[in-house]
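Encoded as structure tokens, the structure appears first; notes follow it.
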Amino acid sequence: MIRILTLETTCDETAAAVVTDSLEVLGSVVASQGAFHEKFGGVVPEIASRAHLEQILPVIEETIRKSGITLQDIDAVSVANRPGLAGALLVGLSAAKALSLALEKPLIAVNHLQGHIYACRVAAAQNNETKTEKIFPCLGLIVSGGHTSLYRCPGPLGFELLGTTMDDAAGEAFDKVASMLGLPYPGGPMIQKAAEKGNPKSYNFPRSMLDDHERLDFSFSGLKTAVRYKIVGPGKTDFSQVSLSEQEVADLAASFQEAAVDILIGKTLQAVEKTGLKTLCIGGGVAANTRFREKMEAAAQKHGIRLHIAPISLCTDNAVMGAIAVERYKAGLFEPLDIDVYPS
Ligand code: KG4
Ligand code: ZN
């Protein structure tokens, strides 16, 4: 059995896991920094780096303990070294390099976004679907706080970008609209909760880019601006005088969520049509959204798409998705110790 220690420090979660070559997860720990960033309404890069620095060693120790092994039992050390916040990435990469050197085990570097898609492969393995062919080739959709992108994925090591957001990422739009509604960070789960009591038809917000069948790109800034105009008035930016009732917040949240979900699903269906790929794998924090999951599942059924959405626990950042390192291990793709981080 091959055991790989995977590290994840791309944004605001410090995470580690031990995964095997059969994609069994022996142990996984995620230390969230949400509380540190909440009062700033978003992730503060310098705070993220410092928190990673404080948490990375305890998180690794706890992961090894939970896995019932010792560090010497590890066959390789892997880390997400792209994309993400430079300082945050450096903490994970430095820890991985130090362990690789000290344990004399190979170093593997993975792409965080590809990991979000690979979370679907790990989940399939947990459901006893042992064959990689059940997942790949596929169309990959990543909907996170930093990215909203569609990929053609011929196999677990090949990703070709088909389209991406031209402005905000979907999660970023959720976070910014939540802040406009006076809801705390991270905004996605808060919008979802507020929306439960709201009417999604209260406001007909724009579904940008859906008329453009040529490009597979996304746009959320028009939607975000439309929500802002509804709250403070056209052309205005001052929220200091705003006082919304609970029902108004719920209706705005539900109507925004519905539009954001429609944009994501509409563009993804266009990509299915364009590529002919009938297997769809979705990962990233926004894929945890209940309304998105419901509507995507219904759309997949209607269009005969084999849908894999990462389980909710593997949607937001974690180190289990770093199990994509298993594919690189099997292919002998190891890194020299002078490898760098690639923030964007
Ligand atoms: O993938 P992730 O954990 O981190 C990045 O790589 O960015 O995604 C975080 C994003 C945040 O913007 C958060 O608000 C959003 O995912 N998110 C949600 C939900 N849970 C997390 N958005 C909508 N609905 C949710 N339930
Ligand atoms: Zn992520």
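All residue numbers refer to positions in the sequence shown, counting from 1. Side chains included, hydrogens not; waters and symmetry mates left out as well; all remaining heavy atoms used. Read the numbers this way: they start at 1 and go in the same order the structure lists the ligands and their atoms.
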What are the atoms of ligand 1, with element, lying closer than 4.0 Å to any heavy atom of [X]?
X    : value
Q192 : 24 (N), 25 (C), 26 (N)
G171 : 12 (O)
G146 : 7 (O)
G145 : 5 (C), 7 (O), 8 (O), 9 (C), 10 (C), 12 (O)

Residue pair [X] / [Y]: nearest heavy atoms and the distance that separates them:
X    : Y    : answer
H308 : T279 : CD2-CG2, 3.9 Å
F205 : F256 : CD1-N, 3.7 Å
C153 : G140 : SG-N, 4.0 Å
P206 : I263 : O-CD1, 4.1 Å

Full working for side chain to side chain contact (heavy atoms under 4.5 Å, CB included) between D317 and H116: CA-CA 8 Å; D317 291 348; H116 270 305; 3.1 Å; yes
Whether F218 and F220 hold their rings parallel, tilted or perpendicular, with breakpoints at 30° and 60°: parallel
Report the nearest protein non-hydrogen atom to [atom]: residue, atom name, distance rounded to 0.1 Å.
atom                    : value
atom 22 (N) of ligand 1 : G188 CA, 3.2 Å
atom 19 (C) of ligand 1 : G285 O, 3.5 Å
atom 3 (O) of ligand 1  : D317 N, 3.0 Å
atom 24 (N) of ligand 1 : N289 ND2, 3.0 Å

So is [X] close enough to ligand 1, meaning a heavy atom under 4.0 angstrom away?
X    : value
H116 : yes
H112 : yes
C11  : no

Go through it in stages, so that I can follow the logic: the residues are Y203 and L252, the test is side chain to side chain contact (heavy atoms under 4.5 Å, CB included), and I'd like the CA-CA distance, side-chain angles, deciding distance and then a yes or no. CA-CA 7 Å; Y203 305 97; L252 284 160; 3.6 Å; yes
Around the Zn ion (ligand 2), how many protein N, O or S atoms are there at under 2.8 Å? 3
Separation of K176 NZ from K224 NZ (nearest 0.5 Å): 4.0 Å
Do L181 and I231 have side chains that get closer than 4.5 Å, going by heavy atoms? yes
Between D21 and R3, is there a side-chain N and carboxylate O pair less than 4.0 Å apart? no
Under 4.0 Å between a Lys/Arg side-chain N and an Asp/Glu carboxylate O for D75 and K105? no
Please walk me through it: do E13 and N318 pass side chain to side chain donor-acceptor pair (under 3.5 Å)? CA-CA 7 Å; E13 327 284 350; N318 63 85; over 6 Å; no
Just heavy atoms, cut-off under 4.0 Å: does D175 contact ligand 1 by side chain, backbone, both, or neither? side chain
